[in-house]
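The sequence lines fix the lettering, A, B, ..., with proteins before strands; numbering per chain opens at 1.
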Number of protein chains: 2
Amino acid sequence: MTSTQTQLARFRALLSKEGLKLTSQRKVIADVFFTGAKHQSLLELLEQAKVKQKSIGYATVYRTMRLLTEGGLAVEHKFGENQARYEPVHDGEHHDHLICLDCGAIVEFEDPMIEQRQDRMAADRGFEVVSHRHEVYVRCLPGQCRRDAAAS
Amino acid sequence: MTSTQTQLARFRALLSKEGLKLTSQRKVIADVFFTGAKHQSLLELLEQAKVKQKSIGYATVYRTMRLLTEGGLAVEHKFGENQARYEPVHDGEHHDHLICLDCGAIVEFEDPMIEQRQDRMAADRGFEVVSHRHEVYVRCLPGQCRRDAAAS
DNA sequence: ATCTCTGCAAACCGTTTGCAATTAT
DNA sequence: ATAATTGCAAACGGTTTGCAGAGAT
């Protein structure tokens, strides 16, 4: 909750810095986004937003998520689908994902060693890293399925 | 050329195994795909195929690339675009990519250490790795741009 | 002869945008 | 008051498919 309040405050700051307005729709969408499940699609976010304010339209969710993404409060993923999913960002924090093809679980991971080797790889070839995308598609090991635990 | 002939032969085998036919269009498309630049889009492949046989349609390229992909002779990538790009596969060989945001170069890399850490990461969490996607977006270091070297 | 393949044009699906009415500042 | 915002519906862009005629075996 506290973290969510911080995110809300950041959104507010972002908006006023750009001369934009904090509408009831944006409040609802941000709330749904920051307090709800991670990695939701626009349609899922819309559905939940509509529970709180049923007049909200898809385009508003779309535009609000774009604001959040451009403002660095959300990241957009496309996990092998043709559909975007959004995840709250805390600081400049970055992590990658294991995506289970059996149960749909999405588990975060971070490995400094991997990032370090990436940097080296790039430098050796005359590049510097701007960003990366690392998705590992997995299957549950026998007897270890965490079905229904799609939370990160 | 030799490698290309091998690929052609594999395609042939793939087709006859499924009771499918080797048409002139499929021959042209496979040729363009295996001998041309890597990481081409359907439109680019179509354009080149049309040079050799101008009646070829987009849908045929699309369907042929699907055959090749499903048969394991091609892999499909989406490097941050909304458009698929295709790359010839040699054996079960796998590699990942550095994509330059400045000059468009796509450079392959492979790092057993990274793969190993991925496997460990997954195993520790009760999963086994099925596949992965690792794309590193980079920028040319000052004075080291290989513009026009988008190969490989 | 039979069953696959092709090219066209239309359907699809998620995303993106133009616009007239509405709302926050 | 004024400029931003909303919801709708239509446009987009790449992908996917139905179908009648052409082609490979």
Side-chain angles (χ1 to χ4, degrees), chain A residues 8 11-33 39-71 74-86, chain B residues 8 11-33 39-71 74-86:
Chain A
L8 231 295
F11 187 30
R12 220 181 273 272
L14 176 67
L15 290 173
S16 67
K17 190 182 58 173
E18 308 276 347
L20 305 180
K21 295 169 180 173
L22 181 57
T23 61
S24 66
Q25 291 89 330
R26 287 180 178 164
K27 241 178 287 184
V28 166
I29 294 164
D31 181 47
V32 161
F33 173 59
H39 310 118
Q40 300 204 77
S41 67
L42 289 176
L43 246 36
E44 290 166 350
L45 291 165
L46 173 62
E47 194 179 347
Q48 295 183 45
K50 279 190 160 175
V51 172
K52 303 199 172 193
Q53 187 177 324
K54 64 170 167 300
S55 67
I56 291 182
Y58 182 92
T60 302
V61 177
Y62 166 74
R63 288 187 276 231
T64 300
M65 292 316 297
R66 174 147 72 169
L67 275 178
L68 289 167
T69 302
E70 289 174 350
V75 264
E76 192 182 288
H77 294 292
K78 287 194 176 174
F79 295 126
E81 304 166 308
N82 42 342
Q83 185 186 200
R85 294 187 170 276
Y86 297 85
Chain B
L8 232 293
F11 187 30
R12 220 180 272 273
L14 176 67
L15 291 172
S16 69
K17 190 182 60 176
E18 306 277 347
L20 305 180
K21 294 170 181 172
L22 181 57
T23 61
S24 66
Q25 290 91 332
R26 286 181 179 163
K27 242 177 287 183
V28 167
I29 295 164
D31 181 47
V32 160
F33 173 59
H39 310 118
Q40 301 203 77
S41 66
L42 289 176
L43 247 36
E44 290 166 350
L45 292 166
L46 172 61
E47 193 178 349
Q48 295 183 43
K50 279 188 161 174
V51 172
K52 304 199 174 196
Q53 188 177 327
K54 61 171 170 298
S55 67
I56 291 183
Y58 181 94
T60 302
V61 177
Y62 165 74
R63 288 186 276 230
T64 301
M65 293 315 299
R66 174 147 71 170
L67 275 178
L68 289 167
T69 302
E70 289 174 349
V75 263
E76 192 182 288
H77 294 292
K78 287 195 179 174
F79 296 127
E81 305 165 307
N82 42 343
Q83 185 185 202
R85 293 187 172 275
Y86 297 84

Checking side chain to side chain contact (heavy atoms under 4.5 Å, CB included) for the pair B:Leu45/B:Thr64: CA distance, chi angles, key distance, verdict?
CA-CA 11 Å; B:Leu45 292 166; B:Thr64 301; over 6 Å; no
Describe the nucleic acid contact of B:Ser41 in one word from base, sugar-phosphate, nothing, applying a heavy-atom distance below 4.0 Å.
nothing
Pairing residues for B:Lys78 by the side-chain contact (heavy atoms from CB on, under 4.5 Å) criterion, not counting sequence neighbours:
B:Glu76, B:Ala84, B:Arg133
Drop me the distance from B:Tyr62's OH to B:Leu46's CG, to the nearest 0.5 angstrom.
14.5 Å
Specify the separation, in whole Å, of atom CD of B:Gln40 and atom P of D:dG14.
16 Å
Note the angle between the end axes of the helix from C:dA1-D:dT25 to C:dT25-D:dA1, five pairs defining each, rounded to 10 degrees.
30°
Enumerate the side-chain hydrogen bond (donor to acceptor under 3.5 Å, both in side chains) contacts for residues 51-60 of chain A, please, sequence neighbours excluded, ordered by first and then second residue.
A:Ser24-A:Gln53, A:Asp31-A:Lys52
Under the salt bridge (charged side-chain N to carboxylate O under 4.0 Å, His left out) definition, can you give me all pairs with a residue in residues 11-30 of chain A, not counting sequence neighbours?
none
Using atom CG of B:Leu67 as one end and atom P of C:dT6 as the other, report the distance to the nearest whole Å.
9 Å
Atom CD of B:Glu81 and atom C1' of C:dT16 are separated, to the nearest Å, by 18 Å
Would you mind building the protein contact string for nucleotides 15-25 of chain D? One character per nucleotide, 5' to 3', B for base within reach (heavy atoms under 4.0 Å), S for sugar-phosphate only, - for untouched.
BBBB----BBS
B:Gln40 CD to B:Phe33 CZ distance, which is reported to the nearest 0.5 Å:
9.0 Å
Roughly how far, to the nearest 0.5 Å, is CD1 of B:Ile29 from CD1 of B:Ile56?
4.5 Å
Whole angstrom is fine here: how far is it from CZ in A:Arg26 over to P in C:dT22?
18 Å
Just verifying a value: how many Å separate A:Thr23 OG1 and A:Leu15 CG, rounded to the nearest 0.5 Å?
8.0 Å
Atom CG of B:Leu46 and atom C1' of C:dC8: how far apart are they, to the nearest Å?
13 Å
5' priority, DNA chain D, between A:Gly19 and B:Leu43 [closest heavy atom]:
A:Gly19
For residues 56-70 of chain A, which residue pairs pass the salt bridge (charged side-chain N to carboxylate O under 4.0 Å, His left out) check, not counting sequence neighbours?
none
When the distance from CD of A:Glu47 to C1' of C:dG14 is rounded to whole Å, what number comes out?
17 Å
Distance in angstrom units between A:Ile56 CD1 and D:dC8 P, rounded:
11 Å
For atom CG of A:Leu14 and atom P of D:dT5, their distance in whole Å:
11 Å
